[in-house]
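Shown next, in structure tokens, is the structure this report addresses.
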Amino acid sequence: MEKNDKKRIALLGSTGSIGTQTLEVISEQPDHFEVEVLTANSNAGLLIEQARKFRPNTVVIGDPSLVGDVKAALEPLDIKVFAGYDAISQIVTMDSIDMVVTALVGYSGLKPTMEAIRAGKSIGLANKETLVVAGELITRLAATSGVNIFPIDSEHSAIFQCLQGEWHNPVEKIYLTASGGPFRGKTKSDLEQVTREQALKHPNWTMGAKITIDSATLMNKGLEMIEAKWLFQLRPDQIDVIIHPQSIIHSIVQFEDGSMKAQMGLPDMKLPIQFAMGYPKRMKSAFPRFDFMKYPSLTFEAPDMETFSCLQLAINSMEKGGNMPCIMNAANEVAVAAFLENRIRFNGIPKLIATTMERASFIKEPTFEDYVQTDKEARILATEAI
Ligand code: NDP
Ligand code: MG
């Protein structure tokens, strides 16, 4: 296996919510993992602190204006420092990397993930937008490069765990569970006036701002349906969503004999992160254990597609295929950023996405260049529509 038998990890987006939790897993499993590369976009302070602790071979700071500070702090420690977004895509090909954990947010994850797959690195995939934007291309590339993509998203990790030992048994259906977010039970008119602060308060998970808003609109579950379609090679009609407010059952597989397998546990991203990095081994951990007596009832309800129309828009884009999920994703990224800057209302998010999906040019069988072009066009259209 690898040098010292330790898996050498390149962690893209180390300063984010998934990134910092991945580093916690690595510090709890020092015999299994070591950090080879760390990357951040603009949080140079935290990147420096992480590098001092984990002593990677190389770090990349996305924002080139910050490279001076990072070099001054880390070059004396013999840590190589590079700057700029393109450097992230270049660094993932380094020989000494065994696995690339993609914890970048949004479309920015696409290029580095593609380059890592081309270089034959196994992927721990948190960045779901990569599969939303270009799932067909990414899964084809992974298959031809002989690369495994291990899901970190908790629902997809649950499905992956339920499928262990079942590779020859066809899946009839999967159920992705959703907490319902902070606005579960509200109507469209209730949501008219909700603030950024209310939307950023997720009941069960602490995550980055973008995915927290996606959870409040239920767009996150739409993105996850598309992610599941590609990871597990399913048809859209085999993927269902069920609201489960306690977030204990992380998702369910239903097989052709009618049997259902579910994976459950307390909501804690460190478990799926560790499972993806350690696969096929389950490593002993001190994560808090589930206590049945604290959860006397686990409940389920149907999603309200009318109030949370982002979910329907994502489903429409998945059914349409081609570059439509890429259009939908770009419009959503623009809409969420605009909402976070108080430039549009909460209910403006689905409106902006719907308008962009109507206006952008549809391509049935896009190439990588088409996706790049589509993302640009959809961002311009969405920005004009604000
Ligand atoms: P965060 O916003 O917390 O972190 C994003 C990371 O990516 C940061 O390190 C950030 O650097 C870096 N980054 C952001 N934009 C760029 C860019 N343009 N170029 C280079 N680096 C960039 O996000 P999360 O950790 O919450 O989410 C990461 C991914 O994981 C998302 O795709 C999300 O959907 C998915 N995910 C997250 C879960 C969670 O619990 N958080 C659960 C399941 C999936 P800097 O700090 O310097 O800005
Ligand atoms: Mg999830």
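Counting starts at 1 for both ligands and their atoms, following the listed order.
Closest to atom 47 (O) of ligand 1 among all protein heavy atoms lies S42 N, 2.6 Å. Among all non-hydrogen protein atoms, the one lying nearest atom 34 (O) of ligand 1 is K128 CE, 3.2 Å. Summary of contacts: the protein heavy atom closest to atom 14 (C) of ligand 1 is V105 CG1, 3.6 Å. Atom 43 (C) of ligand 1 has as its closest protein heavy atom D153 OD1, 3.1 Å. The single protein non-hydrogen atom nearest to atom 46 (O) of ligand 1 is T15 OG1, 2.6 Å, given as residue, atom name and distance. Among all protein heavy atoms, the one lying closest to atom 6 (C) of ligand 1 is A103 O, 3.5 Å. With hydrogens left out, the protein atom closest to atom 31 (C) of ligand 1 is L104 O, 3.7 Å, a heavy atom.
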Full working for side-chain hydrogen bond (donor to acceptor under 3.5 Å, both in side chains) between T20 and E24: CA-CA 6 Å; T20 49; E24 284 177 43; 5.2 Å; no
Given K270 and D268, is the salt bridge (charged side-chain N to carboxylate O under 4.0 Å, His left out) satisfied, shown in steps? CA-CA 5 Å; K270 287 201 280 179; D268 180 351; 5.1 Å; no
Could you give me the CA-CA distance, side-chain angles and deciding distance for E49 and R52, then say whether salt bridge (charged side-chain N to carboxylate O under 4.0 Å, His left out) is met? CA-CA 5 Å; E49 192 186 306; R52 284 196 177 122; over 6 Å; no
Could you walk me through whether V25 and Q21 pass side-chain contact (heavy atoms from CB on, under 4.5 Å), step by step? CA-CA 6 Å; V25 169; Q21 293 179 86; 5.8 Å; no
Given the rule in the side-chain hydrogen bond (donor to acceptor under 3.5 Å, both in side chains) test, do S259 and D257 qualify, once you have shown the distances and angles that lead to the verdict? CA-CA 6 Å; S259 176; D257 59 356; 4.5 Å; no
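For atom 48 (O) of ligand 1, the candidate residues are L125, N41, L11; the nearest heavy-atom contact is made by N41.
Polar contact with ligand 1: absent for T206 (N/O pair, distance under 3.5 Å). Note: an N/O pair closer than 3.5 Å links G13 and ligand 1 by distance alone. For ligand 1, the polar-atom distance check against N43 finds a nitrogen or oxygen pair separated by under 3.5 Å. Of the N or O atoms in G208, one or more lie within a sub-3.5 Å distance of an N or O in ligand 1. Polar contact with ligand 1: present for I18 (N/O pair, distance under 3.5 Å). Of the N or O atoms in G16, one or more lie within a sub-3.5 Å distance of an N or O in ligand 1. Among the atoms of S17, some N or O lies under 3.5 angstrom from an N or O of ligand 1.
Between the side chains of T187 and D190, at least one donor N or O sits under 3.5 Å from an acceptor N or O. In summary, the side chains of T374 and N323 do present a donor paired with an acceptor at a separation below 3.5 Å, with no hydrogens or angles considered.
Between R345 and Q193, the closest side-chain pair of non-hydrogen atoms falls below 4.5 Å. Contact annotation: the side chain of F82 never approaches that of Q90 to less than 4.5 Å [non-hydrogen atoms, C-beta and beyond]. Counting heavy atoms from C-beta on, the side chains of V35 and L11 never come closer than 4.5 Å.
At a heavy-atom cutoff of 4.0 Å, ligand 1 is contacted by the side chain of I211 but not by its backbone. In S108, the part holding a heavy atom less than 4.0 Å from any atom of ligand 1 is the side chain. At a heavy-atom cutoff of 4.0 Å, ligand 1 is contacted by the side chain of I88 but not by its backbone. Neither the backbone nor the side chain of A209 has any atom closer than 4.0 Å to an atom of ligand 1 (non-hydrogen atoms only).
Cluster membership for F339 and Y107, using ILVMFWY side-chain heavy atoms within less than 4.5 angstrom, is shared. Following chains of ILVMFWY side-chain contacts shorter than 4.5 Å, one can reach Y85 starting from V372, so the two form part of one hydrophobic cluster.
In this pair, F275 and F160 present their aromatic rings perpendicular. The plane angle is above 60°, beyond the 30 to 60° band. A tilted orientation is assigned to the rings of F150 and Y279, their planes being inclined by 30° to 60°.
Distance alone, capped at 3.5 Å, places no donor-acceptor pair between the Q373 side chain and the E369 backbone. One N or O on the side chain of T144 and one on the backbone of L141 form a donor-acceptor pair closer than 3.5 Å. No donor-acceptor pair closer than 3.5 Å links the side chain of D153 to the backbone N or O of E155.
Proximity of E129 to ligand 1 is established by a heavy-atom distance of less than 4.0 Å. In this structure, L12 falls outside the shell of residues with a heavy atom less than 4.0 angstrom from ligand 1. Residue-ligand proximity: Y85 is placed with a non-hydrogen atom under 4.0 Å from ligand 1.
Within ligand 1, the atoms closer than 4.0 Å to a non-hydrogen atom of S14 are 9 (O), numbered from 1 in the order shown. Counting atoms of ligand 1 from 1 in the listed order, those under 4.0 Å from a heavy atom of M207 are 39 (C), 40 (O), 41 (N). Each of the atoms 30 (O), 32 (O), 35 (C), 36 (N), 44 (C) of ligand 1 lies under 4.0 Å from some heavy atom of A126.
Screening the protein for N, O or S atoms under 2.8 Å from the Mg ion (ligand 2) yields 3; no waters enter the count.
A salt bridge is defined here as a Lys NZ or Arg NE, NH1 or NH2 lying under 4.0 Å from an Asp or Glu carboxylate O, and R359 with E384 fails to meet this definition.
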